Amino acid sequence: MITQAPLPYAANALAPYISEQTLSFHYGKHHAGYVRTVNELIADTPLDKLSLAQIIAQTADDPAQRKLYNNAAQVYNHDLYWKSLTPTPTQPTGALLQKINESFGSMANLNEQLMHAALNQFGSGWAWLVLDDELNLKVVPTSNALQPQSLKHLLVIDVWEHAYYLDYQNRRAEYLKNLIEHLINWDFATQQLTKHTASTR
Ligand code: MN3
């Protein structure tokens with residue numbers, strides 16, 4: 001059995017950029033629904049003893065387990081999305097800022113790539129900041145529940161309509177601009193960078 005990680009802030013903490021209503025539905029209905037479906041699918045099977053990461057790894061390449069993979073990946077993706085946001089403004093500094101400048105040339109270029117990947121994702125999906133095999137930062141879009149090949153995730157942006165439709169209707173660009181300018185948790189991205197670079201030594 002898996003459990004839903006708590007929201008790292010109050011449901012009204014990201015307003016006015018993401019409303020309490022959006023966050024309540026998103027966490028309490030959408031995210032919770034994925035958790036419930038995973039638990040229904042693994043109940044009374046050997047998978048019930050595994051962690052969420054193990055369930056994702058074991059089902060990723062198995063077409064017969066597509067429904068379980070999709071729901072399990074969505075549980076992980078949302079956990080990462082909540083942690084990728086914060087009501088307290090942060091800026092990249094130190095090793096992260098250096099890495100951003102090496103990989104993208106500037107913060108402005110990174111933000112532009114995040115915007116481009118998220119805005120141009122056709123239909124539902126995610127825009128990720130990850131470390132590639134050479135430990136360069138990369139922006140990667142994925143469709144629906146899919147995760148990037150790299151498991152070294154720094155942060156992720158939800159571009160499913162349920163993430164913004166109550167607040168912005170069809171204006172995905174406005175949601176993304178507000179999120180990128182005001183809500184990204186660069187301190188969390190720094191923690192992730194430290195974790196992922198330490199584990200390869
Ligand atoms: Mn979502």
Side-chain angles (χ1 to χ4, degrees), residues 2-42 51-53 55-56 59-60 65-87 111 113-130 139-151 153-186 188-189 192:
I2 62 160
T3 53
Q4 184 178 20
L7 257 187
Y9 30 74
N12 64 359
L14 303 183
Y17 309 114
I18 297 175
S19 70
E20 178 172 9
Q21 190 189 24
T22 290
L23 215 60
S24 299
F25 272 98
H26 200 172
Y27 179 81
K29 302 291 179 191
H30 294 276
H31 189 187
Y34 297 125
V35 174
R36 198 168 49 242
T37 303
V38 167
N39 283 331
E40 283 165 10
L41 292 170
I42 63 177
S51 70
L52 178 64
I55 294 169
I56 292 170
T59 57
Q65 294 280 26
R66 187 54 44 190
K67 184 176 179 186
L68 177 54
Y69 169 80
N70 281 336
N71 280 276
Q74 284 294 79
V75 173
Y76 176 95
N77 298 352
H78 282 90
D79 281 342
L80 190 71
Y81 173 62
W82 308 129
K83 290 177 187 154
S84 300
L85 305 179
T86 175
N111 286 343
Q113 285 201 29
L114 276 174
M115 179 62 133
H116 182 87
L119 193 56
N120 291 295
Q121 169 55 38
F122 187 78
S124 297
W126 301 84
W128 304 74
L129 180 64
V130 303
V139 170
V140 183
T142 64
S143 291
N144 298 316
L146 288 180
Q147 301 184 339
Q149 205 125 42
S150 166
L151 294 176
H153 310 141
L154 270 70
L155 56 86
V156 73
I157 300 173
D158 192 337
V159 290
W160 285 57
E161 281 187 348
H162 65 227
Y164 61 87
Y165 210 83
L166 290 173
D167 298 333
Y168 298 92
Q169 295 80 47
N170 60 324
R171 304 188 307 279
R172 187 191 280 191
E174 202 178 313
Y175 155 68
L176 292 170
K177 186 171 182 292
N178 279 334
L179 185 152
I180 291 168
E181 281 180 9
H182 300 285
L183 297 180
I184 290 192
N185 190 344
W186 294 108
F188 174 69
Q192 292 289 98

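Keep in mind that what you see is a predicted model, and the values were worked out from it rather than measured. As the structure lists them, so they are numbered: ligands from 1, and atoms in each ligand from 1.
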Parallel, tilted or perpendicular: rings of Tyr164 and Tyr175 (30°, 60°): parallel
Proximal protein heteroatoms (N, O or S) of the Mn ion (ligand 1), under 2.8 Å: His26 NE2, His78 NE2, Asp158 OD2, His162 NE2
Set of side chain to side chain donor-acceptor pair (under 3.5 Å) partners for Asn111, sequence neighbours left out: none
Any residue meeting side chain to side chain donor-acceptor pair (under 3.5 Å) with Thr3, in chain and number order, not counting sequence neighbours: none
No-hydrogen, no-angle side-chain donor-acceptor test under 3.5 Å, Gln121 and Trp160: no
Summary of salt bridge (charged side-chain N to carboxylate O under 4.0 Å, His left out) pairs that have at least one residue in residues 11-36, sequence neighbours excluded: none
Ring centre gap for His153 and Trp126 strictly below 6.0 Å: no
